[in-house]
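In what follows, chains carry the letters A, B, and so on, assigned in the order in which the sequence lines appear, proteins first and then strands, with residues in each chain numbered from 1.
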There are 2 protein chains.
Amino acid sequence: MAVINGVETRLPDGTDKKPSRIQQRNRGRILDAALEVFSQHGYRGATLDQIAETAGLSKPNILYYFDGKAEIHVTLLNQLMETWLDPLVTLDPKGDPLEEILSYVQRKLDMARDLPRESRLFAGEILQGAPRMGPHLQSDLRPLFEEKCAVIQNWMDQGHLTQLDPRHLIFSIWATTQHYADFATQVQVLLQDDPAGHEGAATYLTTLFTRLLTP
Amino acid sequence: MAVINGVETRLPDGTDKKPSRIQQRNRGRILDAALEVFSQHGYRGATLDQIAETAGLSKPNILYYFDGKAEIHVTLLNQLMETWLDPLVTLDPKGDPLEEILSYVQRKLDMARDLPRESRLFAGEILQGAPRMGPHLQSDLRPLFEEKCAVIQNWMDQGHLTQLDPRHLIFSIWATTQHYADFATQVQVLLQDDPAGHEGAATYLTTLFTRLLTP
DNA sequence: GGCAAATTTTACCATTTGGTAAAGACACGA
DNA sequence: TCGTGTCTTTACCAAATGGTAAAATTTGCC
């Protein structure tokens, strides 16, 4: 496979050489449009026509770059996985425990604000039973999750943090941060004219996890 | 409108009289099948044929009881709203603050375990921008939310709980509890052979909100 | 400029899907 | 048991949708 931007890329003709500038540009446009459409309407709700129009290309042209709707979705999901796991990868066993976790929370919250489409794409996939991503959860997410749980468990055993189940701790970090992207519609209705916005959530979550984890 | 089981019910012929036993039974079957299918595949991903087969009825027969796919979905959402809001309604301003909130958390967590289909139906609707439920959020959820925020704020002002933004507190309760239903696929992959199951989450969340809210 | 390869468009097609019309089967009170 | 209104089935349809074939156009290299 050719590797473009660190991502495996199948060329339209199936061969394996350097993609032209046009290919890079158009594949990029398609993936961006698909992210927009898939995250808004879900896999089944999204149509190739919508993606094509959003990308500014014709439908057959899109199928020149990708083998089908499913391949676009899978490509998006694969690309996303890396971005999504990155904040957890960054969690440093050698750093200060509380500081590390708080900055992990912060990074996840920033992602909910800056990449809401990605968050919703991911949420929609999991919500429907991860039909196109189950394997990735097993092979990519799970080992990382277990590694970092062990790190946190260590910190707790050494008395740097409250004794808790690290697995549920991580779940609660994911849940509380992604909530602001995945349930944005609801949040907006309920926070209507709040000037604090993102800051309000950041302050609250910092307090929450500080109080929870400070021994 | 006729009222059946406390829910407004439009009869097939549009008139307004007592529905037969057959009607009650079949409308029930259809709604249950639709809950199953919609929660699994989302609105667009669900087909009338799937719902019909799950319900054990023919497609035209389903359209004898409901005006169309959208009406089934809306009926489900309307019914759900009441169930969904109930635990928050129950939050008693005269009860013990911490106890009240902890048992609210517990009720929500029990719902995530006992009504995962409902949780996912709701999550899917919000995730896509609440196209069929926006008005209900404004008219039903919002007033209740604001009322209960005021109750919690009072408790805080009287020194019974840590001073926090009650709105984000409620968000974090929703997020952490519903996570176990909406992201069940992921949770299952990561907790694979955990004997604790539901209890693990209950213990963790009790600790979390106790430590957070105890002044 | 000329030419091969890459890209895009036009014109389709088959399947799926929400929905309808109308005939047939059934329930139930008189 | 008969007839009326309720319920169910059969046979469709039009639109939407994922996808294809092949002609037309553009790009980039000599």
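Inter-residue side-chain proximity for B:Q40 and B:Q50 is flagged as unmet; no heavy-atom pair is nearer than 4.5 Å. Counting heavy atoms from C-beta outward, A:Q128 and B:T185 have side chains that stay 4.5 Å or more apart.
For the OP1/OP2 pair of D:dT27 and a distance below 4.0 Å, the side-chain nitrogens and oxygens of A:R25 include no atom meeting the criterion. B:N26 has a side-chain polar atom (N or O) that falls below the 4.0 Å cut-off from OP1 or OP2 of D:dT8. Contact between the side-chain N/O atoms of A:Y65 and the OP1/OP2 oxygens of C:dT8 is found at a separation under 4.0 Å. For D:dC7, the OP1/OP2 oxygens have no side-chain nitrogen or oxygen of B:R27 closer than 4.0 Å. Residue A:S58 has a polar side-chain atom (N or O) positioned under 4.0 Å from OP1 or OP2 of C:dT9. Regarding contacts with the backbone of D:dT8, every side-chain N or O of B:Y64 stays at 4.0 angstrom or more from both OP1 and OP2.
At a threshold of 4.0 angstrom between heavy atoms, the contacts of B:T47 are confined to the sugar-phosphate backbone, with no base atom among them. Among the heavy atoms of the strands, none lies under 4.0 Å from B:A70. Nucleic acid contact for B:A46: sugar-phosphate only, since backbone atoms but no base atoms lie under 4.0 Å from a heavy atom of the residue. Residue B:L63 is in base contact, counting any heavy-atom pair closer than 4.0 Å across all strands shown.
For B:P60, taking side-chain heavy atoms from C-beta onward, the closest of the listed nucleotides C:dG18, D:dT10, D:dG18 is D:dT10.
For the pair A:I72 CD1 and D:dG18 C1', the computed distance is 11 Å after rounding to whole Å. Atom C1' of nucleotide D:dG18 and atom CG of A:L48 are separated by 6 Å, given to the nearest angstrom. If you take NE2 of A:H73 and C1' of D:dG19, they are 19 Å apart, rounded to a whole angstrom. If you measure from atom CG of B:N61 to atom C1' of C:dG24, you get 13 Å, rounded to the nearest angstrom. For the pair A:R44 CZ and C:dT16 C1', the computed distance is 8 Å after rounding to whole Å. Rounded to an integer number of Å, the gap from CG of A:L57 to P of C:dA6 is 19 Å. In this structure, A:E71 atom CD and D:dG19 atom C1' are separated by 14 Å, rounded to whole Å. If you take CD of B:Q50 and P of C:dG19, they are 15 Å apart, rounded to a whole angstrom.
No side-chain donor from either of A:H41 and B:R44 sits under 3.5 Å from a side-chain acceptor of the other.
Side-chain N/O atoms of B:K69 and base N/O atoms of C:dG19 include no donor-acceptor pair closer than 3.5 Å.
Within a 6.0 Å radius of CD in A:E147, more than 12 heavy atoms belonging to other residues, nucleotides or ligands are found.
Both tests do not hold together for A:R113 against A:Y180: distance to the six-membered ring centre under 6.0 Å, angle to the ring axis within 45°.
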